[in-house]
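All heavy atoms count here, side chains included; hydrogens, waters and symmetry mates do not. Note that the structure is a prediction, hence the values are computed from the model and not measured.
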Amino acid sequence: MEIIPYKPYIDPEFESLIERIYPPRVCIDNDAYPDCTLVKVDSANKHGILLEMVQVLTDLDLVISKSYISSDGGWFMDVFHVTDQLANKITDETLILYIQQALCTNRRGGIAKEVQTHLKRDVRPRHVSAENTALEVTGTDRPGLMSEISAVLHELGCHVPAAVAWTHNTRSACIFYIEDGLDSGPITDPDRLAHLEEQLEIVVAAHHGEGEKRSARLTTPVVGRTHAERRLHQLMYADKDYEQCQGCENGVGHWKGCIRTHVFIEGCKEKGYSVVNVRSLDRPKLLFDTVCVLTDLQYVVFHAAVSSKGSFADQEYFIRHKDGCTLDKESERKKLTQCLIAAVERRVSHGLRLDISTKNRMGLLSDITRVFRENGLSVSRSEIGTNGDRATGSFYVTDASGHEVDAPTIELVRQEIGGSVLVVNKSSSWSSKASFPDLNTAGGGNSKLENRARLSLGSLLWSHLGRISSNFGPLRS
């Protein structure tokens, strides 16, 4: 006789019971520091909550210069030091209210419509939509692939209102958000989806040799779709782009002036943690990218201290695997090291940045990428979305060999594309005053690149976290 094990019924609402009893508190403090705004969060802990918090702030294009995190004992406390892209404090009352509601959105039923309406800025990524069919493509990075995919979608009657693409270590990952070109609705017919997928697979296969890894996958609209940039990390991880990653293996004393990424993983046996230190050039969304990898690899961050100064960023994480184990095997430490280096590098694409703003229409992406291809340009990273009847986006381009594009070629591209095409600085430098005052001196050991000591929880984290509980004010409404 088969014995059926007893499984007690657990009410789905039970998991959120603690959150409902102890709802999160968010405090926006503009008085503590003269040069930044403090965003303080006090909440019941759960896996992935740190990523949720960081995602809210980065989607608003806010710069996180420091962060202190503690989540031991089932409770989460975090402090973010933030400014806007021009290093100004966050003073707009609507934006402050949006941040407070967004950080509590999973527990309070979402953001009030009037707050979203009066928010005077885009919430990135603009390309995320639960209403569009998504095409996910991974494979070898070869010139013209994005152009040919866009052309096929146009020929098959699909409009691409948004798309995003990354390249790294000869691999590429793209997400196209598509809709029916006639009625602007999602494509849900199974037969049409199957035909689309078949045609797209032919295009992707044509750019790959026999045995080369590739994939083209369509997904129908779904509520709660994964954040697009997090999804790109997941696609590139699944494609194993991290296997070629190698950071600087010299010791801490070598950090001064070295622009390569440093990752050190050590044990903290007395506390039962693995300690991960990451030092790299600073850039926008660096914290988001790092936390994405730790979360998706099922690591839990118990304590962390993150800081940027000059052109560099230091991150220190006290972690365990979700099952409670530390990183005791060399193979585990090596894989995490490679994945963290990949997370830092994926968004740092090479080439000249072209910002494009023009009237939105069907076939626009196909036309833009065709012009790039016909002029011998290769796209190393891109993001395009829509805002009303306008399409805006950024493309990082090189020539077919990965070198700089000459000025005459860029001028031809500008004339052919039309609309407003703004040529911006090279992607290797970030002009934001908040974190990159002088990146051009990074390789020369300039005195501005200070030799930052490794962060210490004793001197850095606890001194700030100790004041959190007493400094929380009531939730502003």
Side-chain angles (χ1 to χ4, degrees), residues 19 22-46 48-84 87-91 95-107 273 275-278 282 284-291 294-295 300-309 313-319 434-435 452 454-476:
E19 293 180 352
Y22 302 104
R25 293 186 295 171
V26 179
C27 177
I28 311 295
D29 184 355
N30 270 314
D31 298 325
Y33 291 90
D35 57 350
C36 69
T37 299
L38 293 190
V39 179
K40 307 174 185 178
V41 185
D42 184 10
S43 171
N45 192 24
K46 67 172 183 176
I49 189 173
L50 175 59
L51 180 58
E52 291 178 11
M53 304 298 174
V54 174
Q55 180 178 306
V56 167
L57 299 176
T58 55
D59 282 352
L60 289 166
D61 275 341
L62 300 179
V63 177
I64 303 173
S65 58
K66 290 182 182 179
S67 182
Y68 309 101
I69 299 134
S70 180
S71 61
D72 250 345
W75 202 254
F76 175 87
M77 294 186 292
D78 199 354
V79 176
F80 299 100
H81 294 228
V82 302
T83 63
D84 63 16
N88 299 315
K89 286 185 172 187
I90 312 305
T91 56
L95 177 57
I96 289 174
L97 186 58
Y98 182 94
I99 293 171
Q100 291 173 327
Q101 294 190 6
L103 291 175
C104 302
T105 185
N106 290 337
R107 307 154 182 86
Y273 301 122
V275 185
V276 180
N277 280 275
V278 182
D282 194 15
K285 300 190 178 182
L286 178 62
L287 179 59
F288 172 82
D289 294 334
T290 306
V291 175
L294 292 172
T295 303
V300 179
V301 177
F302 288 90
H303 306 287
V306 177
S307 178
S308 64
K309 186 174 183 180
D314 290 292
Q315 304 176 67
E316 183 177 58
Y317 300 94
F318 285 65
I319 67 171
S435 297
R452 297 285 315 284
R454 293 170 67 184
L455 300 173
S456 167
L457 288 185
S459 60
L460 189 58
L461 177 60
W462 300 121
S463 62
H464 287 265
L465 288 175
R467 300 180 300 182
I468 294 179
S469 57
S470 60
N471 285 349
F472 268 103
L475 184 67
R476 297 172 61 178

**Message:** Going by ring-ring contact (aromatic ring centres under 6.0 Å, His included), name the residues that satisfy it together with Phe288, two or more places apart in sequence or in a different chain.
**Reply:**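 Phe288: ring-ring contact (aromatic ring centres under 6.0 Å, His included) contacts with His227.
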Shortest non-hydrogen contact from [X] to [Y]?
X     : Y      : value
Gly48 : Thr295 : CA-CG2, 4.0 Å
Ser43 : Ile49  : OG-CD1, 3.6 Å
Asn45 : Trp75  : CB-N, 3.8 Å
Lys89 : Pro34  : CE-O, 3.3 Å
Thr58 : Lys285 : O-CE, 3.8 Å

For residues [X] and [Y], determine if any side-chain heavy atom of one lies less than 4.5 Å from a side-chain heavy atom of the other.
X     : Y     : value
Asp78 : Leu50 : yes
Tyr68 : His81 : yes
Ile96 : Asn30 : yes

Quick check for you: to the nearest 0.5 Å, what is the distance between [X] atom [atom1] and [Y] atom [atom2]?
X      : Y      : atom1 : atom2 : value
Asp282 : Gln315 : CG    : CD    : 8.5 Å
Leu286 : Ser308 : CG    : OG    : 9.0 Å
Leu103 : Asp42  : CG    : CG    : 12.5 Å
Asp289 : Leu294 : CG    : CG    : 11.5 Å
Met77  : Ile69  : CE    : CD1   : 11.5 Å
Ile28  : Leu38  : CD1   : CG    : 9.0 Å

**Partner residues of Val82 under the side-chain contact (heavy atoms from CB on, under 4.5 Å) criterion, sequence neighbours left out** =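 Counting only residues at least two positions away or on another chain, Val82 forms a side-chain contact (heavy atoms from CB on, under 4.5 Å) with Thr37, Val39, Leu57, Ile64, Phe80, Ile90.
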**Request:** Just jot down the side-chain contact (heavy atoms from CB on, under 4.5 Å) partners of Asn88, sequence neighbours excluded, or say none.
**Result:**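 Testing Asn88 for side-chain contact (heavy atoms from CB on, under 4.5 Å), a comparison that skips the adjacent residues, returns Asp84, Leu86.
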**Prompt:** Between Phe318 and His303, how do the two ring planes meet: parallel, tilted or perpendicular, split at 30° and 60°?
**Reply:**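 Phe318 vs His303 ring planes: perpendicular.
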